[in-house]
Amino acid sequence: MRFGNQILKELGDVSDLLGSFVDEQVAGFNDPSAGLTVLKAFVSTKGTKRQITIEELQAFTKTLGKEQSESDLNNFIQRFISLRILRDKDESGRYELRHDALAEKVYQKITLVEKDMLEVNQSINNGLDAFSKRGVLMSKTDLEYVDPYLKRMFLTEAQDQFVKKSKQALGRKRRT
């Protein structure tokens with residue numbers, strides 16, 4: 001048999017093959033939903049791969065309301081590394097997806113609600129970063145944007161304090 005363009009066309013796009021491979025592997029887990037949540041952590045809000053630590057992964061699963069223990073997360077990570085879906089941690093302790101095409105396929109599995117929650121979380125993190133650098137709290141508009149999601153999200157202590165401080169400042173401003 002000769003290997004040619006016809007065979008390549010029949011196989012389809014590489015990202016389709018990778019997507020099918022990931023679907024098959026995740027379906028074989030004891031908890032496929034948790035496995036998919038772990039993979040979603042390695043994808044940015046723009047659909048590209050991103051590097052994260054185990055601590056960031058744990059915070060991510062909490063943000064989506066699917067908290068996992070550190071040992072469970074390590075088990076998922078090791079399994080994804082053995083399947084060559086994830087790269088082993090680098091010198092700074094960060095893991096990442098092996099291929100951009102994987103990030104694209106996993107991104108397609110992130111629901112609209114999850115995307116909204118991730119964007120809100122990113123917005124709070126950006127505000128917290130601006131606060132630590134320049135002392136700028138969240139504006140009324142920022143607070144109105146994040147408020148509907150706060151009850152469903154897990155916030156770190158720093159994020160929670162920042163949001164509360166911003167709300168208090170806004171309340172003081174209204175009263176004066």
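- Counting only N and O atoms by type, the side chains of S33 and D31 include no donor and acceptor under 3.5 Å apart.
- Looking only at distances, a side-chain donor or acceptor of E56 sits under 3.5 Å from a matching main-chain atom of T53.
- Partner of Q161 under the side chain to side chain donor-acceptor pair (under 3.5 Å) criterion, out of E157, K165, K164: E157 alone.
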Quiz item: Please walk me through it: do K49 and E104 pass salt bridge (Lys or Arg N to Asp or Glu O under 4.0 Å)?
Solution: CA-CA 8 Å; K49 63 183 184 175; E104 210 175 286; over 6 Å; no
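- Within a 6.0 Å sphere centred on NZ of K62, other residues, nucleotides and ligands contribute more than 12 heavy atoms.
- A salt bridge does not link E96 to R50: none of the charged nitrogens lies less than 4.0 Å from a carboxylate oxygen.
- K66 forms no cation-pi arrangement with F154, by the criterion of a distance under 6.0 Å to the ring centre and an angle within 45° of the ring axis.
- Inspection of the Q122 and N126 side chains reveals an N or O donor paired with an N or O acceptor under 3.5 Å.
- Checked by atom type and distance alone, the side chain of N121 never pairs as donor or acceptor with a backbone atom of L118 at under 3.5 Å.
- Taking the six-membered ring for Trp and thresholds of 30 and 60 degrees, F29 and F80 have ring planes inclined between 30 and 60 degrees apart.
- We find that K105 and D23 are not joined by a salt bridge, their nearest charged nitrogen and carboxylate oxygen being 4.0 Å or further apart.
- Between K46 and E119, no side-chain nitrogen of the basic residue sits less than 4.0 Å from a carboxylate oxygen of the acidic one, so the salt-bridge criterion is not met.
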